[in-house]
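Presented below is the structure to which this report refers.
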2 protein chains.
Amino acid sequence: MSKPTISDLARLAGVSKTTVSHAFSGRRHVDPETCRKIKELAREVGYRPNRSAQSLRTGRTGMIALASSMPFSIAAGPSRLGFFMEIAATAAVASLTRNQALCLIPPMEADGALDAIAMDGAILVEPYANDPMVDRFFNSGIPVVSIGRVPGRDDIPFVDLHSYATALMVLNHLRDAGASKVGLMTGTQRRNSYLETEAAYSASCENLGIPQILVRVDEAGGEDEAEQCCTALLRDHPDLDALYVPVDAFASGATKAAKSLHRNVPETLRLATRYDGSRAKLADPPLTAVDLHLDALAKLAVDLLIQTIDGQKGESPNSPMPRLVPRQSSGTS
Amino acid sequence: MSKPTISDLARLAGVSKTTVSHAFSGRRHVDPETCRKIKELAREVGYRPNRSAQSLRTGRTGMIALASSMPFSIAAGPSRLGFFMEIAATAAVASLTRNQALCLIPPMEADGALDAIAMDGAILVEPYANDPMVDRFFNSGIPVVSIGRVPGRDDIPFVDLHSYATALMVLNHLRDAGASKVGLMTGTQRRNSYLETEAAYSASCENLGIPQILVRVDEAGGEDEAEQCCTALLRDHPDLDALYVPVDAFASGATKAAKSLHRNVPETLRLATRYDGSRAKLADPPLTAVDLHLDALAKLAVDLLIQTIDGQKGESPNSPMPRLVPRQSSGTS
DNA sequence: AGATTTGTGCAAACCGATTTGCATGGTCGG
DNA sequence: CCGACCATGCAAATCGGTTTGCACAAATCT
C-alpha cells in the first residue's frame, strides 16, 4: 500500500470515512478518544489527505499565484526581476504560513501556460490600465488583488503604493538638494504609479509656477530606449538640473545618458529613482531611491487576497508610507 | 451555468464525455469534424478542464516546488534570498514553458505547511548531508533533484555546481594576485559545496606544501558569527594574507572583521566569495566572486526533474563551468 | 460469403476526498 | 414512561475529469 487513502485509514481504525474526515477537519464533533486513535494511526501509516481530491470536492486548491505584467525587457537585465522577486520572497512565506502555496507567473512570452494552473486567486504586481492579465483572471472568475491600484478598476482590491506621496517626497528632496528645474521620466503604459506620479509632478510644478518637462518612454525599449530619450531630453533642455525617473531600468539608462553627455551626477544633474533594488544601489553614483516596504506590502496583499477569496470583499488596507533613501545621485549623502 | 464542465460541453456538442476528453487529450482518435466542432464549442462557452479533477484521476498535478534548506539566518539579510530567488526566477519561466507551475518553498520555520502542497516533484537548492528536506520528499514518494549534489546520496539526480573546480579557480586566482597564505572559511553543515571546496583546498595546500587554515562557521549564526570567527582567525594567524569565503553572508562578516582589525582589503588581506549576488557587489570593497550561471543551472534542474518525474531516471546532466568575476577585494581589478 | 480489422463512440468504473441525510442508543425533563 | 434532544457514526451522493471494455458499422482480407 504505497499511499494510504482515507478508506485505508478508516478500515484500519474500524470507523467510516466520514468519521476520519471529520476527525481531521473538525467540522463535526467526534469522540475525543476515537479522534486520538485516528490521528495516531494516521501518523503511523503516514496518511496525508490527497490535495487534488480535496480541491475537487471543495473547490479550493490552496494555491495562489503572483503575476507580473511588466514586459520582459524591463524585468530582465541586471536586476533580473528584482521588484517582482523581492515581493515573491515575502509573499511565499506569508502564503505558506496561511496554508496556501505561492506559485510564480513571471513575465514571459507564452502565456497560454497560464490556465494550466489551478489557483484560488492571484496577486498582480503593478498592473496597468486595461491590463490583459486583469481581464484574464477576472473572466475566469479568479479573485484578483493588485499591488498598486489598477487604473479605472475600482472593483479590484489593492495595496496602495502611495505613488503621489512618493513623487512629492522625491521632488521636494531634489529641490531641497538645490535643484531648480526638475524633469520627470515615466513610461508609456498607463500604470497607476505613473498617473499618480505625473499628477503630483504637475501639481508641484504648478504650485511653484514652473514649467513641466515630462517624457514618457516605451517600456518595451528598456534601458537603451531610456538612454536615448534622456539624451534627447537633456539636449532639448540643457537647463534641467534634476530628473526623477521612477522606473529603475530607465534610471540606469538616464545615468548612462548623463555620463555620455558629460553631465556629472549629482553636480550638474541630480537623479532619483523609485525602486531601491540592486540597480539603484550599484549605479555609479548610487541612486537616491525610495524604500517601498515591499515585504510589508507583500504580506498585506496575501492577506487581502485571502480575504477576497473567502468572500469578505476585502477592504483595501492601509499600507505603510514609503521612505526616502538618499544617496550620492541627489547630492545629499 | 458559471463554469461549464465536460458534461455540459458533451451535451451541447451532442456527444459523450469520453469523446470530449479524447478530443482534447488526443489519446484516442476522434473524427476530425467532431473534434473541430467540440473545440469550437469549447472556446465559445469558455470551457477549461478542471485541473483538480484531472489531477485526481491522473495523479499529476502539474506543479513542481523549489525548496531551500538554507537556514533563515543566512537566507535573510541584505541579499534577501538572492541565491534562491535568482534560481526561482529562471526556474519559473522554464517550468511554465513546460506546462508546469513552480511554487516556492523558501526557508521558514513552520514547515508543516509543506505537505499542504500537492506537487509532482521538487528541486532542492544546495541540500546538505542528511537534509531533512530530502527525506521528507523522498519518504512521500515525491521525486527530487538537487542543485548541488546531496552528500552521501548517489540516488538523487543533481545539477553539479562544480565546487571543486570553483575552489581551485579561486585559490589560484588569489595566489596569482600575490597571496601566499590563504585561509578558508566554510560552514558547519555538510553541504556538498563545502566538502568539495575543502577537498580542493586541502589538495592545493598539500601540493604546495603549505599549512591549511580552515574554520567552519555555524550557519545559524549568520553574518555576525562569521565576523567573530574571522576576527579570532585573523588574530590567531596574523600572517594570513587571503581568505576564500564561499558563503556570501560569511564573506560580509569577514569584510567587517577585516575592517575593525584595520586590515585593508585587498592590500593586506585579499578576499573572495562564491555567489555573485548583491552582497558581493555592494561590499566595500566589492568582492571577487564567481558567476555560477544560475539561470542555466535552473533550466537544467527543471528539465532533469521533469525527466525524473516521467520515470526516465534522469541522468545528471553536464552543467556549465563557473567563471571568475574579479573585483577589488582580490586586488586585481 | 465469412472472418478480421479499423474507425468511431458510449456507458460505467474510478481517482480520494467532503458533505448531507439518516439511524442508533442514551440521557434528561416532565 | 414517553417524547425531545444530544452525541456519535454510517452509507451514499458528489466534485469533474480519465480510462477501460464493449458495441456497432464500414472496410479489408481470405
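Taking the side chain as every heavy atom from C-beta outward, A:L304 and A:F158 never approach each other to under 4.5 Å. At a threshold of 4.5 Å between non-hydrogen side-chain atoms, the residues B:V302 and B:K299 do not count as touching.
Between A:R190 and A:D131 there is no salt bridge, since none of the side-chain N atoms of the basic residue sits less than 4.0 Å from a carboxylate O of the acidic one. A salt bridge is absent between A:K37 and A:E40: the closest approach of a Lys/Arg side-chain nitrogen to an acidic carboxylate oxygen does not fall below 4.0 angstrom. Between B:R153 and B:D135 there is a salt bridge, with a side-chain nitrogen of the basic residue lying less than 4.0 Å from a carboxylate oxygen of the acidic one.
Listed by chain and residue number, A:Y47 satisfy the ring-ring contact (aromatic ring centres under 6.0 Å, His included) test with A:F24 (two or more places apart in sequence, or in another chain).
The stretch residues 46-54 of chain B touches DNA chain D through B:Y47, B:R48, B:P49, B:N50, B:A53, B:Q54, each having a heavy atom within less than 4.0 Å of the strand. Taken residue by residue, residues 20-35 of chain B places heavy atoms nearer than 4.0 Å to DNA chain D at B:S21, B:H22, B:R27, B:R28.
Using a 4.0 Å cutoff to heavy atoms of chain A, the contacted part of DNA chain C runs 5' to 3' from C:dG16 to C:dC22. Using a 4.0 Å cutoff to heavy atoms of chain B, the contacted part of DNA chain D runs 5' to 3' from D:dG16 to D:dC22.
Although no hydrogens or angles enter the test, the distance criterion places no donor-acceptor pair under 3.5 Å between the side chain of B:S140 and the main chain of B:I142. Looking only at distances, a side-chain donor or acceptor of A:E219 sits under 3.5 Å from a matching main-chain atom of A:Q189. Between the side chain of B:D120 and the backbone N or O of B:G62, at least one donor-acceptor pair lies under 3.5 Å.
Helix-axis bend for the helix from C:dA1-D:dT30 to C:dG30-D:dC1: the local axis fitted to the five terminal pairs at one end deviates from that at the other end by 40°, rounded to 10°.
Rounded to the nearest 0.5 angstrom, B:C103 SG and A:L66 CG are separated by 13.0 Å.
Mapping B:T18 and B:T58 onto DNA chain C by nearest heavy atom places B:T18 at the nucleotide closer to the 5' end.
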